[in-house]
S.K.: 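This is the structure I have questions about; it appears just below.
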Amino acid sequence: MWRARELLYELTLRDIRVRYKQAAFGVAWALLTPIFVVLGGVVARAALAGGHHGIDRTALASIAVKAVPWSFFVGAIGFSTPSLSSNSTLLTKVFFPREVLPISTVAAHLVDLSAGSLAVTVLLLVIQTPISLTVLWVPLMLVLLVLFTMGSSLVLSCANLFFRDVKYAVQILLTFGIFFTPIFFEPAMFGPVGARIAMMNPMAPLLEGVRVAVVEQHNLLVPLVTPTGVVAWDPIYLVYGLATSILGLFVALILFARFERSFADYV
Amino acid sequence: MSGYIRLEHVWKRFRKGEVHDSVRDLVPAMLRGKFGRRREVVPDKKKFWALRDVNFEVLPGQALGIIGPNGAGKSTVLKVLTRILDPSHGSVDVRGRVGSLIELAAGFHPDLTGRENVFLQGALMGMPRADIAKKFDQIVDFSGVEAFIDTPVKRYSSGMNARLGFAIASHVDPDVLIIDEVLSVGDTAFQIKAFERITELVRREIPVVVVSHQMPQLVALCTHALVMDHGRIVQRGTPSECVAGYLERVMSTNRRHGEGAINIVSVNAWQGSAVRSGERLVLSIECSVRDDQRTEDETIGIRLRSDDGTIWFETDARRAGIDLPQDKWYWFDLSVQLNVPAGGYVFESFVWNSAMNAETEAGPTIGVNVLPGRLFSGPVQLNAKGWITHAAQYGEAAGWAAPNTLQNVSLDEPVNS
């Protein structure tokens with residue numbers, strides 16, 4: 001993989017260039033998805049509150065810090081799942097490490113993640129969210145998010161090469177995943193057992209980690225219990241997040257290497 | 001580092017038709033495997049062998065040409081060499097950085113400019129970015145698309161696309177070079193330039209493998225050759241031998257064997273299968289006459305075809321002024337001067353019945369590889385003759401009248417027999 005870094009760089013550059021060529025709004029598109037997610041979240045929260053009063057700053061901040069990582073995940077997975085099958089000419093004509101195709105697609109979406117993170121920072125400053133040192137947990141959570149996304153992209157793109165239905169399944173998952181992932185809501189809203197179940201979603205610890213660190217200004221090594229007695233954060237979630245992203249990527253690379261040799265036969 | 005290529009007992013199996021393309025097919029297949037009875041071993045009719053026991057080795061300084069009809073497995077060999085395909089059995093050992101002149105513009109993205117695509121395609125071929133940057137001007141200059149280098153390649157003509165692709169691929173400094181059917185890129189001027197470039201690469205003392213249907217170029221580039229058919233190597237030898245052997249093989253298929261009186265047993269060439277353009281070749285046609293058959297209406301002919309199937313020449317014993325004997329068994333020898341351009345040809349023998357006005361028997365064929373001649377080049381032999389008139393003689397005796405004062409230079413080659 002290290003030997004292919006130059007190719008990875010070129011392919012990432014290709015994806016970024018192609019995405020914004022002949023697109024009138026250019027990089028502004030990177031912000032459009034998270035903006036819509038946040039707006040959707042505001043509407044959902046207002047509906048939950050009975051529609052009588054608007055939502056508070058904390059709720060807005062909570063949705064915003066999770067909307068950006070989620071949009072990154074959706075965009076990166078959506079584009080990388082067909083990245084092998086749509087490059088079939090390359091796979092059958094040129095030899096190069098095949099991992100670079102899905103990985104470069106994910107890497108190209110880092111532009112969106114960076115632009116989104118910048119926008120969220122501005123938003124947090126505007127609505128005057130208090131900031132504490134616990135913000136330092138955010139980079140770690142984002143790195144884990146990127147690793148988790150890469151692992152998923154390797155497995156999904158490989159699976160889609162053999163079975164084209166994977167792409168449709170992924171589309172459905174990404175569209176409706178927002179209802180099963182704590183973005184508009186917090187797992188604690190489901191009560192003690194519901195919270196545990198909601199946190200089993202591999203994306204949940206990564207997104208909640210960001211929210212707890214930024215909005216709750218809470219150290220992730222210490223459990224956080226809500227006034228109603230529900231565990232909103234437990235250090236075990238940190239371990240879970242580390243495991244799904246790092247081990248997940250490791251397993252994905254092994255699986256990918258195992259099937260890579262037969263790509264040209266099946267694509 | 002000098003590379004080498006070694007293939008040992010390489011087999012490659014492909015599937016015909018669809019594989020499971022959806023989970024709907026996979027789930028029953030998996031359940032059968034897990035819970036069903038142990039699957040009985042059925043010979044799978046959907047699979048076929050694209051390569052069967054292919055062995056060869058190419059050392060530095062050698063250039064191997066692979067010849068064969070479509071579907072013989074030539075491209076599969078190259079894909080196995082470049083590690084795009086994994087062999088089903090056998091071992092493939094390729095040392096060094098592989099440069100491949102195959103599908104030159106495979107990595108181009110239509111929306112990117114020529115410049116951007118040079119870097120992308122270069123990276124796909126394993127060139128470090130710094131190398132590409134260093135050779136960028138050379139590449140662009142070679143391709144001849146300078147004026148459009150900042151235009152998206154989707155606006156390029158197909159020729160420009162191919163030229164840029166060739167320029168990139170041919171500037172990768174490889175330890176091993178693989179060339180597949182790229183000897184006809186762009187217009188004539190570019191083809192000549194590209195051929196010179198390939199010749200230059202081949203001369204670098206690296207192992208080279210060439211697949212082409214352009215026989216003259218293949219013969220010019222390669223030191224060794226092999227012929228493939230249905231996934232097997234069916235002949236090995238010098239490029240000329242293999243070109244001739246291949247043509248004999250393809251041209252003799254689809255020829256019927258009739259029931260004329262005369263039966264052509266064999267055809268041989270005295271000089272072997274490689275001759276220079278303009279030289280003479282003697283064909284020895286062995287004939288036998290079937291019992292109790294009249295031969296008066298029949299004559300033996302030969303026909304010269306080039307590798308694209310065009311008939312270049314045809315004659316028969318009657319037209320050559322030879323009366324065939326009534327013997328049961330004889331040889332009919334025919335000397336021909338090969339005043340044809342260099343290339344691969346076959347001589348087909350046949351029996352012609354003038355009463356029926358039809359070919360009654362298609363006899364054996366023989367492949368001939370015509371090498372560039374010493375006497376002339378170009379498609380026709382104009383039998384040039386020349387002489388010198390010295391300035392001193394010019395005024396007094398110009399022209400034809402005084403042959404004894406002229407030096408008559410004959411360019412005719414002595415008859416070879």
Side-chain angles (χ1 to χ4, degrees), chain A residues 2-23 83-101 103-105 108 156 159-170 172 257-267, chain B residues 12-15 18-27 50 75-76 78-88 94 97-100 102-113 115-133 152 154 165 169 178 180:
Chain A
W2 178 241
R3 293 230 306 266
R5 66 191 185 281
E6 298 220 339
L7 177 58
L8 184 61
Y9 171 76
E10 287 297 335
L11 282 170
T12 307
L13 211 60
R14 172 189 82 164
D15 280 0
I16 295 171
R17 280 169 172 156
V18 168
R19 209 133 45 88
Y20 298 121
K21 259 189 192 176
Q22 290 204 358
S83 64
L84 291 174
S85 48
S86 62
N87 280 306
S88 57
T89 18
L90 272 187
L91 294 185
T92 54
K93 307 289 183 197
V94 188
F95 178 77
F96 59 93
R98 275 71 172 94
E99 288 89 342
V100 296
L101 283 174
I103 299 278
S104 66
T105 315
L156 292 172
N160 188 58
L161 184 140
F162 294 99
F163 307 107
R164 296 294 147 83
D165 2 29
V166 170
K167 192 168 55 195
Y168 306 121
V170 166
I172 294 170
R258 158 95 175 64
F259 288 107
E260 193 175 19
R261 303 296 279 143
S262 54
F263 281 180
D265 286 334
Y266 284 90
V267 72
Chain B
K12 177 67 190 175
R13 188 168 52 196
F14 280 134
R15 285 161 192 80
E18 300 258 348
V19 209
H20 324 279
D21 241 344
S22 72
V23 177
R24 201 195 59 214
D25 303 331
L26 174 72
V27 172
S75 294
T76 308
L78 297 193
K79 284 185 179 177
V80 166
L81 279 182
T82 46
R83 294 200 287 161
I84 290 168
L85 289 176
D86 220 18
S88 308
V94 178
R97 177 155 70 167
V98 180
S100 50
I102 310 175
E103 290 293 324
L104 302 162
F108 280 12
H109 194 289
D111 283 332
L112 297 182
T113 65
R115 182 186 304 275
E116 290 162 345
N117 271 309
V118 168
F119 282 92
L120 177 61
Q121 181 77 21
L124 277 169
M125 300 195 153
M127 261 169 114
R129 198 180 164 83
D131 268 22
I132 309 170
K154 64 184 170 189
I178 288 166
D180 187 7

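Keep in mind it's a predicted model, so treat the numbers as computed, not measured. Chain letters run A, B, ... following the sequence lines, proteins first and then strands; every chain starts at 1. What you see below is based on every heavy atom in this structure, not just the backbone, and it leaves out hydrogens, waters and symmetry mates.
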S.K.: Work out which heavy atom in B:Phe119 is nearest to a heavy atom in A:Glu10; give both atom names and the distance.
M.R.: CB-OE1, 3.6 Å
S.K.: Side chain, backbone, both or neither: which part of A:Thr92 has a non-hydrogen atom closer than 4.5 Å to chain B?
M.R.: both
S.K.: Roughly how far, to the nearest 0.5 Å, is NE2 of B:His109 from CG of A:Leu90?
M.R.: 10.5 Å
S.K.: At a heavy-atom separation under 4.5 Å, does A:Phe263 approach chain B through its side chain, its backbone, both, or neither?
M.R.: neither
S.K.: Heavy-atom distances under 4.5 Å only: say whether B:Thr113 touches chain A with side chain, backbone, both or neither.
M.R.: both
S.K.: Take a 6.0 Å sphere around CZ of B:Arg83 and say whether it holds more than 12 heavy atoms from other residues, nucleotides or ligands.
M.R.: no
S.K.: Is there a side-chain contact between B:Asp111 and A:Arg17 in this structure, where contact means two heavy atoms from C-beta onward sitting under 4.5 Å apart?
M.R.: no
S.K.: Flag the one option from B:Met125, B:Glu116, B:Met127 with the top tally of heavy-atom pairs under 4.5 Å to chain A.
M.R.: B:Glu116
S.K.: Please report the shortest heavy-atom distance between A:Ala264 and B:Leu85, naming the atom on each side.
M.R.: CB-CD2, 3.5 Å
S.K.: Which pair of non-hydrogen atoms, one from B:Thr82 and one from A:Phe95, has the smallest distance, and what is that distance?
M.R.: O-CB, 3.0 Å
S.K.: Does a side-chain heavy-atom distance below 4.5 Å link B:Leu124 with A:Lys93?
M.R.: no
S.K.: Which atoms of A:Leu11 are under 4.5 Å from chain B, going by heavy atoms: the side chain, the backbone, both sets, or neither?
M.R.: both
